[in-house]
Each structure stands twice: as structure tokens, then as C-alpha cells.
Amino acid sequence: MRIGIVQFAPEFGDKEYNLGTISAVLNKAEADLVVLPELCTTGYQFKDMEEVRALCEPVPGGESVRVFERVCRERNLFIVAGIGELAEEICYNASVLVGPEGHVGTYRKVHLFDEEKDWFRPGTQGFPVWDIGPVKIGMMVCFDWIFPESVRSLALAGADLICHPANLVLPYCPDAMITRSIENRVFTATANRTGREARGGKEPLTFIGRSQITDPKGNRLAVFGAEEEGLKIAEIDVPQARNKRITKRNDLWEDRRPDQYHA
Ligand code: ACM
């Protein structure tokens, strides 16, 4: 199975430009599933709640998901993308899974980062897993990485591949995701953005790039530099994520001791 990650610098508030850039990349993608960054159609550093509300959209039915649906249908692929969701007047920092037959599912970011707490309601639907045939997919968004429970929950629910749209500003995540892969024996695909935003007189944000795909042994199968843009693809061997045996006498799931752990 061919997994792609896209790294680019969205223009704040310019959905037409962002969706155009994304469509141009995806129209050439020789991949089965492509992961895009967090809030990839809107940009990240909102000035106020009015901007957030104006840029969030219904899922499905909104402009971004309609474009993703068209590309997925035409290219026969799946997309995971971070977008702002508007549902009953509430805004969520969401990740959508779209396939050749349309919208498949939505994850709402559980662990909000910094100012996001002013803009978005945290998700309350946990960490679902979707079986799309060749692979079981879990989604999480950016800062969810710092809570090992996020990937653990997805892996325990059967995810083979963690799709991880991101707008990373802290430097630690790419290395931490190696550990997440090893300790859960899963593939991960982090699609981060590049560039800088300085809006509303706030502290400028520099996004670290360094998107990557990792395998259950912690190898990086694809990796971007800090400022590189475009699409990178790696082939993943899904059964590797279904083998949780570490030694003849150790199995990652059978050897867990939940009765010894704090919640
Ligand atoms: C982040 O969660 N966007 C840092």
C-alpha cells in the first residue's frame, strides 16, 4: 500500500489557493492514501473567533470536503486532511477521512494546543478506527502526539496506520513518533506544514516541517526537511503492524498489565 504525505505552507484564509495547491499535488499522486497537514485549507493563526467561524465548514457538505471527494473519486485514492469543522455553531479542529465513495469519517482533536483552546471545542468522540479494506486507519491531530494515550488507544482499537495531520511548532514530535511506532508496532504518517504566520500582533509561529512516515520498527520510510514542500510516498507492508510479538515469550498486547497501571 502506497502512503503519501504532503508538506506545504497554506496561505491564511485563502481556501481557493490552498485547495488549488492541494488538488495540483494530488492530481499527480501515485498513492493509495495521502495525508495532508492540520487546518490545511485555512491556515492556523486566527485573530479572533469571527475568523474561526467564517473559515470552519460543515463536514460533510463543506467546500473542502467536496473538493477532496472529487479528487478521491477521480484519482481512486483516500485522503486524510486537517480542516476546521463547524457543527451546530460549534467549531472543531478536525481531521477528515475521504475516499473514492465520499466522506468516510471525522476525528475531532481531543488535546487542544495553546490558543486553540479559545477557538475550538475539544473532541468528545475519542479515537475511532476505520477499516478501509487494505488497512485500518486511526487519526489524531498534531499536539495529540504528546499524550501517548492517543496512539495507544488507536493501536488497541486495531489501527495499523496512524494518520497525523499537524502544524507543529515544538521540535520534539518527529523523534517522539519513532517511539510511538515502536511501542505500539504501528505505521505513522505525520503531515506537517512549513512556513511562518504572524497575525494579529501575536507572537510569530514558525512551523517545523519535517513530515515523515515511520514503520513499526521505528524506521523513517519518508522524511521531509524543515522547509521542503511537495509530496513524498512510501510503500507500507500492513501485516507488519498486525504482528505484536516481540520475542518468543513477549507479545505487546498479551504482556500488558493494566491492573498495575494508573489510569
Ligand atoms: C498543534 O497542535 N498545532 C501544535
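Just so it is clear, the model here is predicted, and its values are computed rather than measured. Atoms within each ligand, like the ligands themselves, are counted from 1 in listed order.
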- Query: Do we see a donor-acceptor contact under 3.5 Å between the side chains of Arg152 and Asn184?
  - Reply: yes
- Item | Proximity of Phe12 and Tyr44 rings by center, below 6.0 Å | no
- Any side-chain heavy-atom pair of Val223 and Arg210 under 4.5 Å: no
- Task: Mind checking whether Phe113 contacts ligand 1 via backbone (N, CA, C, O), side chain (CB onward), both or neither, at a 4.0 Å heavy-atom cut-off?
- Result: side chain
- Can you sort out which atoms of ligand 1 are near Glu116, meaning under 4.0 Å from one of its heavy atoms? 1 (C), 2 (O), 3 (N)
- Which is it for Lys109 and ligand 1 at heavy atoms under 4.0 Å: side chain, backbone, both or neither? side chain
- Task: Count the heavy atoms of every other residue, nucleotide or ligand shown that sit under 6.0 Å from CZ of Arg220, and state whether that count exceeds 12.
- Result: yes
- Identify the protein heavy atom lying closest to atom 1 (C) of ligand 1, giving its residue, its atom name and the separation to 0.1 Å. Cys142 SG, 2.9 Å
- Just checking, Lys232 and Phe224: is the charged tip under 6.0 Å from the six-membered ring centre and within 45° of the axis? yes
- Note on the structure: shortest atom 3 (N) of ligand 1-to-protein heavy-atom contact is with Glu38 OE1, 2.9 Å
- Task: Could you tell me if any non-hydrogen atom of His111 lies under 4.0 Å from any atom of ligand 1?
- Result: no
